[in-house]
Amino acid sequence: MILCPVDQHTIKSRTNQDWLQALRKPASPEALEELRAILMRGLRAALAGRGNGDVDALAEDFAQEALLKILASLETFRGESQFTTWAQRIAIHIAFSELRRRRWKDVPLQAFTQSQDGNELTPALLTSPNSSPEAQVTRRDLLRNVEDLIFEELTEKQRTALLAIVQDGFPLPVVAERMQINPNALYKLLHDARQKLKQRLEQKTGLSGRELLAFFEEE
Amino acid sequence: MTEIQSDSLRKLLHRILTTRPEELGCETCCEELGLLAELESRGEDAASLLPLVRLHLENCQSCNEEYSALLTALKEAQSTNPL
C-alpha cells in the first residue's frame, strides 16, 4: 500500500460516495493517507490514558490493520453513518479486541462448583439495617434459588461462560474465542440461559421478574 | 473449581431479572455503534431511536468500552476538523 504524508489541515471534506469511489481499486494514495491520518488521530485519542504503552506505535499498527480491513469491507458499508465514523468504528474494534486478547491471554477460564451449605450467602449487602429480618431471609432464599438453578438448569458451557463474565470479569469476546464460537453465538447462548433462569425463578416464586427485581432492590 | 461468590450471584440475579425476550448480540450491536454515536453527538434521543443497541451497551462491558472509545475518537476528529 503506497501512502504519502498528509497534513491534517489539508484533509478534504468527502462525501460517503467520494470515499467509496476513492478507495475502490485502484485506491487513491491520497485518500488512503487521509483515512490513515483520521484513524491514527482517533486511535491515539481512544487509547490515551489506558496504560497500553506506546500509544503512537499501537495506533500506527492498528490503523494499518484497520485500513486493510476497511478496504476489504467497502461493499458492506451501508451508509447509515458517515464513512469515516464507520471506519473509526472498525479501527477501534480491531484495537480493543487485540488489547483484550493480550490482557487476558494468560488467564484460564474456571470451572465452578456449587457452594457448600454454610455462611456463603450472608454478605453485608443482604443485611441492610433498613431490611426486616423476613426480607433478609427472602433475599437470601432468592440467591440460593439462583445458585441452585445455575447448576440444575444450565449446561456446563452456559454456566462457565456466564460466571466467567459476571464473576471473573472476562470480556465476552475473549470467552467466545476460548470456546471457539463467535461472540453473537455466545451472546445468544447466554441470553437463552438468562431467559431460562428468569422463567424458572418466576415459576418457583409465583412472582414476575419485575416484582422480584423491585423486592430485591428495595432497601 | 471455584465457588460462586455472593456479590456475583446478586449481579447475576439483576441481569437475569432484566432479561428481555429480544436482545441484540455483540456483532449486531457493533454494526450500529456508528449511527448511535452520531445521533448522540448531535444530541438526538438515541436511546429511543435505537433502544436495543442502548440496552446491549448497558449489559455488555466490551461493547460499551468500544462505544466510549468511538465517541472519544469522533470528538477528537470534530475538534480538529469541525463538520
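Any value given below was found using the heavy atoms of this structure, including those in side chains, with hydrogens, waters and symmetry copies removed. All values reported here derive from a predicted model rather than from experimental measurement. Numbers restart at 1 for each chain; the letters A, B, ... are given by sequence-line order, proteins then strands.
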Any carboxylate oxygen within less than 4.0 angstrom of a Lys/Arg side-chain nitrogen, looking at Arg101(A) and Glu98(A)? yes
Could you check whether Arg42(B) pairs with Glu44(B) (Lys NZ or Arg NE/NH1/NH2 to Asp/Glu carboxylate O, under 4.0 Å)? yes
Mind checking the CG-CG spacing from Leu207(A) to Leu213(A)? Nearest 0.5 Å is all I need. 12.0 Å
Got a salt bridge between Glu156(A) and Arg159(A), using NZ or NE/NH1/NH2 to carboxylate O under 4.0 Å? no
Roughly how far, to the nearest 0.5 Å, is CG of Leu143(A) from CG of Leu9(B)? 5.5 Å
For chain A, which candidate among Glu23(B), Arg20(B), Gln61(B) shows the most heavy-atom pairs at distances under 4.5 Å? Glu23(B)
Does any heavy atom of chain B fall under 4.5 Å from the side chain of Leu142(A), the backbone, both, or neither of them? side chain
Please flag which part of Glu32(B) lies under 4.5 Å from any non-hydrogen atom of chain A: side chain, backbone, both or neither. side chain
Against chain A, work out which of Cys63(B), Cys29(B), Cys30(B) has the most heavy-atom pairs shorter than 4.5 Å and name it. Cys30(B)
Can you confirm whether Glu22(B) is buried at CD, in the sense that more than 12 heavy atoms of other residues, nucleotides or ligands lie under 6.0 Å from that atom? no
Point-to-point distance, once rounded to the nearest 0.5 Å, from CZ of Phe151(A) to CZ of Phe112(A): 8.5 Å
Largest heavy-atom contact set with chain B, pairs under 4.5 Å, which of Ala176(A), Gly209(A), Ala111(A): Ala111(A)
Do you know which of Glu31(B), Lys11(B), Arg15(B) has the most heavy-atom pairs with chain A at a distance under 4.5 angstrom? Arg15(B)
Pairwise distance CG(Asn182(A)) to CG(Asn184(A)) - rounded to 0.5 angstrom: 5.5 Å
Best-contacting candidate, Arg78(A), Gln110(A), Arg100(A), against chain B by heavy atom pairs under 4.5 angstrom: Arg100(A)
Only pairs of heavy atoms separated by less than 4.5 Å count here; which of Leu33(B), Thr28(B), Leu36(B), Leu39(B) has the most with chain A? Thr28(B)
Could you tell me whether the side chain of Gln167(A) and the main chain of Gln5(B) form a donor-acceptor pair under 3.5 Å? yes
Under 4.5 Å from any heavy atom of chain A, what part of Glu66(B) do you find: side chain, backbone, both or neither? both
Chain A contacts: which residues in residues 68-75 of chain B have a non-hydrogen atom closer than 4.5 Å to it? Ala69(B), Leu70(B), Thr72(B), Ala73(B), Leu74(B)
Taking atom CD as the centre, does Glu211(A) end up with more than 12 heavy-atom neighbours from other residues, nucleotides or ligands that are less than 6.0 angstrom away? yes
Report the distance from atom CG of Leu39(A) to atom CD of Glu65(A), rounding to the nearest 0.5 Å. 12.0 Å
Contact residues of residues 194-202 of chain A (partner chain B; heavy-atom separation under 4.5 angstrom): Arg194(A), Gln195(A), Leu197(A), Lys198(A), Leu201(A)
Chain A contacts, top residue of Leu12(B), Thr18(B), Leu35(B) (heavy-atom pairs, under 4.5 Å): Leu12(B)
Separation of Leu189(A) CG from Thr155(A) OG1 (nearest 0.5 Å): 5.5 Å
Between Glu34(A) and Arg14(A), is there a side-chain N and carboxylate O pair less than 4.0 Å apart? yes
Report the option among Gly42(A), Ser81(A), Ser97(A), Ala48(A) that has the most heavy-atom pairs separated by less than 4.5 Å from atoms of chain B. Ser81(A)
Which pairs count as salt bridge (charged side-chain N to carboxylate O under 4.0 Å, His left out) when at least one residue sits in residues 45-62 of chain B, sequence neighbours excluded? Glu40(B)-Arg54(B)
Tell me, side chain or backbone of Leu172(A) under 4.5 Å from chain B's heavy atoms, or both, or neither? both
Measure distances from Leu190(A) to the heavy atoms of chain B and classify the residue's part below 4.5 Å as side chain, backbone, both or neither. neither
Taking only residues two or more places apart in sequence or in another chain, which ones pass ring pair (Phe, Tyr, Trp, His ring centres under 6.0 Å) with Tyr67(B)? none
Salt bridge present between Glu177(A) and Lys105(A) (N-O < 4.0 angstrom): no
